[in-house]
Amino acid sequence: MLDPQLLRNELEKVAAALSKRNMTLDTSSIQVLEEKRKAIQMKTEELQSLRNSKSKEIGALKSKGEDAQAVMDEVASIKAKLDESVSELDEIQIELNDILSGIPNIPHDSVPNGNTEDDNEEVRQWGEPKKFEFEVKDHVDLGEGLGLIDFETATKITGSRFVVMQGDIARLHRALIQFMLNTHSTEHGYQEINVPYLVNADSCKGTGQLPKFEEDLFHIKEHGLYLIPTAEVPVTNIVRDEIVNNDDLPKKFICHSPCFRSEAGSYGKDTRGMIRQHQFEKVEMVQLVKPETSYDVLEELTGHAENILKKLELPYRVVTLCGGDLGFSASKTYDIEVWLPGQNKYREISSCSNFEDFQARRMKARWRNPETNKPELLHTLNGSGLAVGRTLVAVMENYQNEDGSITIPEALRPYMNNQTTIEKQV
RNA sequence: GGAGAGGUGGCAGAGUGGUCGAAUGCACUGGUCUUGAAAACCAGCGGUCCUUUAUCGGUCCCGUGGGUUCGAAUCCCACCCUCUCCGCCA
């Protein structure tokens with residue numbers, strides 16, 4: 001949520017900033033509502049104040065044993081006006097709130113203009129895509145060739161966009177999780193955390209998945225709960241409705257979790273393989289920080305994700321998302337794209353974002369600034385470190401051998417009993 | 001799933017219809033004292049929104065949402081959560 005003050009005082013500036021996202025803000029209707037709100041709120045509070053003081057008078061009179069009927073009649077007429085005023089105010093506030101909660105975050109100045117992912121700006125590249133001396137396979141052919149990845153059975157058990165992994169591929173998948181968690185917690189200073197995978201609606205509102213993107217979530221209606229689309233939701237909501245102590249900042253969490261996404265609207269997109277699934281696993285970095293540090297932290301956090309790819313020796317590039325491609329809650333996002341030989345292109349494997357105070361305002365997540373001694377909004381950031389399924393795909397495709405076996409990256413061997421290759425079992 | 005108890009400020013804990021945003025203690029902040037610290041003493045100390053350049057002022061908040069009343073932390077209803085006991089269970 002944007003700062004309502006900003007919308008009041010600098011509406012035109014906000015509208016201009018949002019045009020970078022390729023959206024137009026209906027400023028005139030906001031202005032009209034806002035003026036109405038102001039007038040009615042002032043009137044309402046005046047009436048409330050009057051009612052309160054008169055009621056106290058009644059109390060004082062009665063305690064002295066005097067007759068209070070005249071004042072009571074007076075309050076009755078105030079009350080009628082007040083009720084009307086309150087319901088009018090409620091209506092306007094709901095309307096304004098709906099508008100406000102539907103407005104995305106303002107892009108940072110450094111965010112490039114543009115509408116689609118083609119307009120994203122490459123920041124850097126790392127590593128060289130390997131030249132293969134043979135015809136490369138994608139992870140589906142590799143996995144099915146090894147007999148260790150099985151989409152058909154997953155479809156039988158559940159449906160499309162699910163997968164069953166077995167044997168050494170399942171172990172490699174698990175090894176990746178351990179490797180990522182260990183690296184972030186021991187080398188990058190994150191605290192490991194384990195959280196619920198079902199969350200309530202308030203948590204989804206806090207991080208911005210609700211109310212606008214309900215169709216992307218799996219909803220357990222009987223219990224009013226949602227399957228998490230990312231650990232960002234439960235982890236960031238740890239500080240919802242909290243005032244964090246200055247000494248406890250920054251908070252840095254690393255969390256492995258499954259992620260569930262309905263992928264509504266992506267029919268026909270990435271239908272082959274493990275790239276886009278309804279369920280996948282991810283190791284997520286979350287940081288809750290003081291506002292003045294958040295852009296430095298974004299660089300740092302992106303570096304932490306890159307470090308995983310460097311250790312796995314997987315070529316990648318980093319892009320800055322353009323305004324049109326930026327997520328709803330983010331001010332600035334770097335995507336990290338890993339090289340996939342099977343597709344002969346770079347594909348997103350991590351998304352690192354600074355939300356500034358956008359999520360914090362929705363969540364009422366604050367810290368006490370020792371300089372002002374007042375509660376102030378935190379800044380929230382998160383990034384994948386990394387998407388495990390896609391990392392598995394990248395390892396398989398980049399480390400494939402001509403015979404269909406897969407060499408295990410050095411960094412993962414300690415997690416695989418020092419095994420060096422994955423081969424077809426005979 | 002059954003039975004009972006309970007949800008008040010950072011924590012503990014009082015408050016059962018009026019001057020209660022809320023006693024008291026602890027914690028915290030500032031000051032006095034001290035070479036320094038501790039102790040003692042004095043003072044301050046929730047959040048929200050509106051208005052305002054700012055102050056002043058006002059609204060709302062005692063789990064959440066409704067209701068009763070001139071007036072609700074206090075009474076009524078629903079829901080949520082926590083604890084104890086029983087049952088079931090990884």
Side-chain angles (χ1 to χ4, degrees), chain A residues 1-11 30-31 33-101 194-206 210 220-226 234 237-249 251 258 288 357 360-378:
Chain A
M1 197 161 81
L2 293 180
D3 185 355
Q5 302 282 1
L6 203 62
L7 227 57
R8 254 167 238 160
N9 302 330
E10 306 192 53
L11 188 55
I30 293 176
Q31 232 154 10
L33 271 173
E34 183 47 43
E35 271 163 39
K36 251 164 97 183
R37 187 229 96 227
K38 190 171 178 171
I40 295 170
Q41 180 161 356
M42 285 174 71
K43 182 176 136 200
T44 305
E45 292 188 1
E46 241 168 68
L47 287 168
Q48 281 171 325
S49 173
L50 194 61
R51 178 205 56 192
N52 290 346
S53 61
K54 292 286 175 189
S55 289
K56 276 183 188 172
E57 253 177 66
I58 294 170
L61 287 172
K62 285 201 167 177
S63 70
K64 279 186 276 178
E66 292 173 26
D67 177 45
Q69 194 54 49
V71 190
M72 283 172 72
D73 292 343
E74 203 180 335
V75 175
S77 80
I78 292 169
K79 218 193 145 191
K81 277 188 249 168
L82 179 59
D83 285 348
E84 195 186 324
S85 188
V86 165
S87 63
E88 210 176 333
L89 181 62
D90 282 351
E91 225 170 275
I92 288 185
Q93 253 157 359
I94 286 167
E95 206 173 328
L96 267 172
N97 232 317
D98 284 352
I99 293 174
L100 199 60
S101 65
N194 187 289
V195 293
Y197 304 147
L198 286 166
V199 293
N200 58 34
D202 281 342
S203 292
C204 295
K205 280 178 199 152
L210 288 180
I220 318 283
K221 290 197 179 66
E222 300 87 324
H223 297 93
L225 297 173
Y226 297 83
N237 273 282
I238 286 171
V239 291
R240 171 153 56 86
D241 292 321
E242 300 286 334
I243 300 172
V244 181
N245 217 308
N246 178 50
D247 303 336
D248 297 334
L249 293 173
K251 279 184 181 286
L288 311 163
D357 62 13
R361 184 170 295 105
R362 291 177 157 232
M363 290 192 298
K364 294 190 186 67
R366 295 167 296 173
W367 64 297
R368 196 170 293 277
N369 185 344
E371 280 169 32
T372 60
N373 207 30
K374 290 274 172 212
E376 295 174 14
L377 292 169
L378 288 166

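Throughout, a chain's letter reflects where its sequence line sits, starting with A, and its residues are numbered from 1.
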For this session: Have a look at Lys38(A) and say if it touches a base, only the backbone sugar-phosphate, or nothing, with a 4.0 Å heavy-atom cut-off.
Result: sugar-phosphate
Exercise. Under the side-chain contact (heavy atoms from CB on, under 4.5 Å) test, which residues partner Ala201(A), sequence neighbours left out?
Worked result: Leu210(A), Tyr226(A)
For this session: Grab the CD1-P distance between Ile243(A) and rC28(B) for me, whole Å please.
Result: 18 Å
Seminar exercise, completed: To the nearest angstrom, the CD-C1' distance between Glu35(A) and rC50(B) comes to 16 Å
Exercise. For the pair made of CG in Asp241(A) and P in rU64(B), what is the distance, rounded to whole Å?
Worked result: 11 Å
Problem set entry | Pairwise distance CD(Glu242(A)) to CG(Asp248(A)) - rounded to 0.5 angstrom | 11.0 Å
Problem set entry | Euclidean distance, atom CG of residue Asp3(A) to atom P of rU48(B) [Å, nearest integer] | 13 Å
Problem set entry | Under the side chain to side chain donor-acceptor pair (under 3.5 Å) test, residues paired with Gln31(A) that sit two or more places apart | none
For this session: Taking only the side-chain heavy atoms of Arg8(A) (C-beta and beyond), determine which of rC50(B), rU48(B), rG71(B) contains the nearest atom.
Result: rC50(B)
Exercise. How would nucleotides 57-63 of chain B be written as a contact map, 5' to 3', with B for base contact, S for sugar-phosphate-only contact and - for no contact, using protein heavy atoms under 4.0 Å?
Worked result: -BSS---
Exercise. Mind checking what makes side-chain contact (heavy atoms from CB on, under 4.5 Å) contact with Leu377(A), not counting sequence neighbours?
Worked result: Asp357(A), Ala360(A), Arg361(A), Arg366(A)
Exercise. What residues, two or more places apart in sequence or in another chain, satisfy side-chain contact (heavy atoms from CB on, under 4.5 Å) together with Leu61(A)?
Worked result: Glu66(A), Ala68(A), Val71(A)
Problem set entry | Asn97(A): partners by side chain to side chain donor-acceptor pair (under 3.5 Å), with sequence neighbours left out | none
Problem set entry | Euclidean distance for P, rG71(B) against rU59(B) (whole angstrom) | 15 Å
For this session: Mind jotting down which residue pairs meet the side chain to side chain donor-acceptor pair (under 3.5 Å) criterion with at least one end in residues 48-58 of chain A? Sequence neighbours excluded, please.
Result: Lys54(A)-Glu74(A)
Problem set entry | First of Lys374(A) and Gln5(A) reached from the 5' end of RNA chain B, by closest nucleotide | Lys374(A)
For this session: Return the set of residues passing side chain to side chain donor-acceptor pair (under 3.5 Å) with Asp202(A) (not counting sequence neighbours), or none when no residue passes.
Result: none
For this session: Please tell me which of Lys54(A) and Lys364(A) maps to the more 5' nucleotide of RNA chain B, matching each residue to the nucleotide holding its nearest heavy atom.
Result: Lys364(A)
Exercise. Does the Arg362(A) side chain pair with the main chain of Lys205(A), one donor and one acceptor, at a distance under 3.5 Å?
Worked result: yes
Close N or O pairs between protein and nucleotides 73-75 of chain B (under 3.5 Å):
none

For this session: Give me the residues of residues 72-88 of chain A where at least one heavy atom lies under 4.0 Å from an atom of RNA chain B, by number, or none.
Result: Met72(A), Val75(A), Lys79(A)
Seminar exercise, completed: Rounded to whole Å, CG of Asp247(A) lies from C1' of rC28(B) at a distance of 12 Å
Exercise. side-chain contact (heavy atoms from CB on, under 4.5 Å) with Arg368(A): which residues, sequence neighbours excluded?
Worked result: Ile243(A), Asn373(A), Pro375(A)
For this session: Hey, could you give me each pair passing salt bridge (Lys or Arg N to Asp or Glu O under 4.0 Å) that has a residue in residues 75-94 of chain A? Not counting sequence neighbours.
Result: none
Exercise. Which nucleotide, in any strand shown, forms a Watson-Crick or G-U wobble pair with rU55(B), with both distances under 3.5 Å?
Worked result: none
Exercise. Rounded to whole angstrom units, what separation is found between the CG atom of Asn246(A) and the C1' atom of rC28(B)?
Worked result: 14 Å
